[in-house]
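Notes to accompany the following structure.
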Amino acid sequence: PPRSTLFPYTTLFRSIFCMVIAGYNYFKDEFCVFHKITQSSVNKKYFWPNERMLKTKYILQNPSKYDSFLLGSSKANKMSLRNVKNGKWFNSCLAMNSLDETLLLLKIYEKNNVKIKNILLQMSDENFRERPVDYYEYFDKNMIYARFPDTLSQKLYFYGWYLLVLPDFSKNKRDIYADDCKKNVLIDGSCTFPPSETHIVRPDFKGNFNSFPNLEESEPYNDYWITPLKQIVDFCTEKNINLTVIITPETYDLYKAYDQNEVQKARKQLAKLTSYYDFSGKNEITQNPYCFFDYSHLNEYTSNLIIDRVFNQNPNTPPKIKDFGNFVKKIN
């Protein structure tokens, strides 16, 4: 038949196809975008949901439940602060998070009347190599890195894009650590074991680390990070928020592969903006692979050591593990 005759049928078929996909994604809502967030709804998901939507939406729906937030990347997602006494803490760490996104998240909290008392800002050497990231850059079929929409245009793109994602019915792609995260994501946000379970945290896991990171594919050290960090510091000062900055460790094998001149330069620049704890470098922890899940992600044992250092000791006294968590004062 002529092409003009087939055109209406092709259009109709495409429309029906899109409606079926959109309907499936809306009702299945695999990434906790449209429906009310409850522990039961989270537990039913095959994948670790889009944590930017899940965590941020949950905080905005409960603006008075927490007053203290750990902000950073997946390197600190095992860090549970539920036992820290100086606030009601929530781990808002997000995979592939940047300082730009952290600043945006703080502004979103403020705009939605979330009262903030304390911020624990996690950084790593990855932050010193940041570059500007466009809002639309991290969208993919798994919705893991798609950022929380703030403006009207972002919301239209986010929801429209999500509704038309082709569903992946494979259970083999289920995130292997998702269950640990899902059990208490609405308790304190961390990907660790809830207090109701018996679990002795000890450095007894030696991860099967992937191949050593190709540093040639990484962004070079630069000064871009200074601008968003200064804005974060100024935001906390203006809002009378207690800001604590930490540099989380990576294995020493990875750390020593960095350009050490750039490493030290970045830390000197950081000290001009704020005091901080530096857990990186050569120390007992970073030389022990049992303290990490891979070259740059901490396990629960190391996370607890950091919490103990930051919240249970005076910065002027030696840490419990020598050279782990050096306190660097701001340069006036």
Side-chain angles (χ1 to χ4, degrees), residues 7-66 74 77 90-97 101 104-105 108-109 111-114 134-192 194 196:
F7 179 76
Y9 296 101
T10 303
T11 302
L12 178 62
F13 174 78
R14 289 175 177 174
S15 298
I16 294 175
F17 179 77
C18 288
M19 290 174 63
V20 170
I21 294 300
Y24 177 88
N25 285 332
Y26 176 81
F27 289 106
K28 184 68 175 177
D29 200 15
E30 189 62 55
F31 299 101
C32 300
V33 170
F34 288 109
H35 297 86
K36 184 177 180 180
I37 297 172
T38 65
Q39 191 64 59
S40 176
S41 65
V42 173
N43 289 342
K44 295 176 182 177
K45 306 306 177 186
Y46 284 130
F47 305 101
W48 175 225
N50 173 276
E51 56 187 348
R52 284 160 169 78
M53 176 58 70
L54 175 63
K55 289 185 175 182
T56 306
K57 185 178 176 183
Y58 181 67
I59 294 300
L60 300 187
Q61 289 177 347
N62 300 276
S64 301
K65 186 171 183 177
Y66 305 95
S74 60
N77 65 8
F90 188 85
N91 185 327
S92 290
C93 286
L94 306 171
M96 300 292 290
N97 183 58
E101 188 173 7
L104 174 63
L105 195 58
I108 291 174
Y109 283 178
K111 187 166 61 175
N112 289 272
N113 300 314
V114 178
D134 183 84
Y135 172 80
Y136 305 98
E137 184 170 335
Y138 284 142
F139 280 80
D140 65 22
K141 67 177 183 179
N142 289 329
M143 287 288 290
I144 299 300
Y145 304 127
R147 290 186 172 186
F148 186 84
D150 186 35
T151 66
L152 177 59
S153 61
Q154 289 175 355
K155 290 178 180 178
L156 291 174
Y157 186 91
F158 183 98
Y159 292 113
W161 182 91
Y162 173 61
L163 284 174
L164 296 178
V165 170
L166 292 175
D168 186 343
F169 297 98
S170 171
K171 295 184 180 181
N172 295 327
K173 297 186 68 175
R174 183 169 183 164
D175 194 324
I176 59 173
Y177 72 87
D179 284 341
D180 291 341
C181 295
K182 292 192 295 186
K183 287 177 183 176
N184 67 324
V185 66
L186 307 188
I187 297 176
D188 75 343
S190 64
C191 292
T192 185
S196 60

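For this chain, numbers begin at 1 and follow the sequence in order.
Side chain to side chain, Y135 and S153 fail the donor-acceptor criterion of an N or O pair below 3.5 Å. Donor-acceptor pairing under 3.5 Å is recorded for the side chains of D29 and Y162.
Q154 places a side-chain N or O within 3.5 Å of a backbone atom of D150 that can act as its donor or acceptor partner. Put simply, the side chain of N25 gets close to the backbone of V165: a donor and an acceptor are under 3.5 Å apart.
How far CD1 of I37 is from NZ of K55: 12.0 Å, rounded to the nearest 0.5 Å. The OH atom of Y145 lies 11.5 Å from the CG atom of L94; values are rounded to the nearest 0.5 Å. Of the inter-residue distances, the one linking S92 atom OG with N77 atom CG reads 12.0 Å to the nearest 0.5 angstrom. Here the straight-line distance linking atom CG of L156 with atom OG1 of T151 works out to 8.5 Å at 0.5 Å rounding. How far CZ of R52 is from CG of N97: 6.0 Å, rounded to the nearest 0.5 Å. Atom CD1 of residue I21 and atom CD1 of residue I16 lie 12.5 Å apart, to the nearest 0.5 angstrom.
Residues K57 and V33 are not in side-chain contact: their nearest non-hydrogen atoms beyond the backbone lie 4.5 Å or more apart.
Ring planes of W161 and F139: perpendicular class, angle over 60° (limits at 30 and 60°). Using the six-membered ring where Trp is involved, F90 and Y58 have ring planes that are tilted, between 30° and 60° apart. Using the six-membered ring where Trp is involved, Y136 and Y157 have ring planes that are perpendicular, over 60° apart on the 30 and 60° scheme.
Of all non-hydrogen atoms in P149 and M53, the two that sit nearest each other are CD-CE, 3.9 Å. When all heavy atoms of F34 and L163 are compared, the closest pair comes out as CE1-CD2, 3.4 Å. Residues C18 and L164 come closest through the heavy atom pair O-CD2, 3.9 Å. Pairing each heavy atom of K65 with each of L186, the nearest pair is NZ-O, 3.5 Å.
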Check the pair V114 / L60 against side chain to side chain contact (heavy atoms under 4.5 Å, CB included), numbers first and verdict last. CA-CA 7 Å; V114 178; L60 300 187; 4.1 Å; yes

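By the 6.0 Å contact criterion, CZ on F13 is open, its count of non-hydrogen atoms from other residues, nucleotides or ligands being 12 or less.
For an aromatic pair to be called close, the ring centres must be under 6.0 Å apart, and F148 with F158 fails this.
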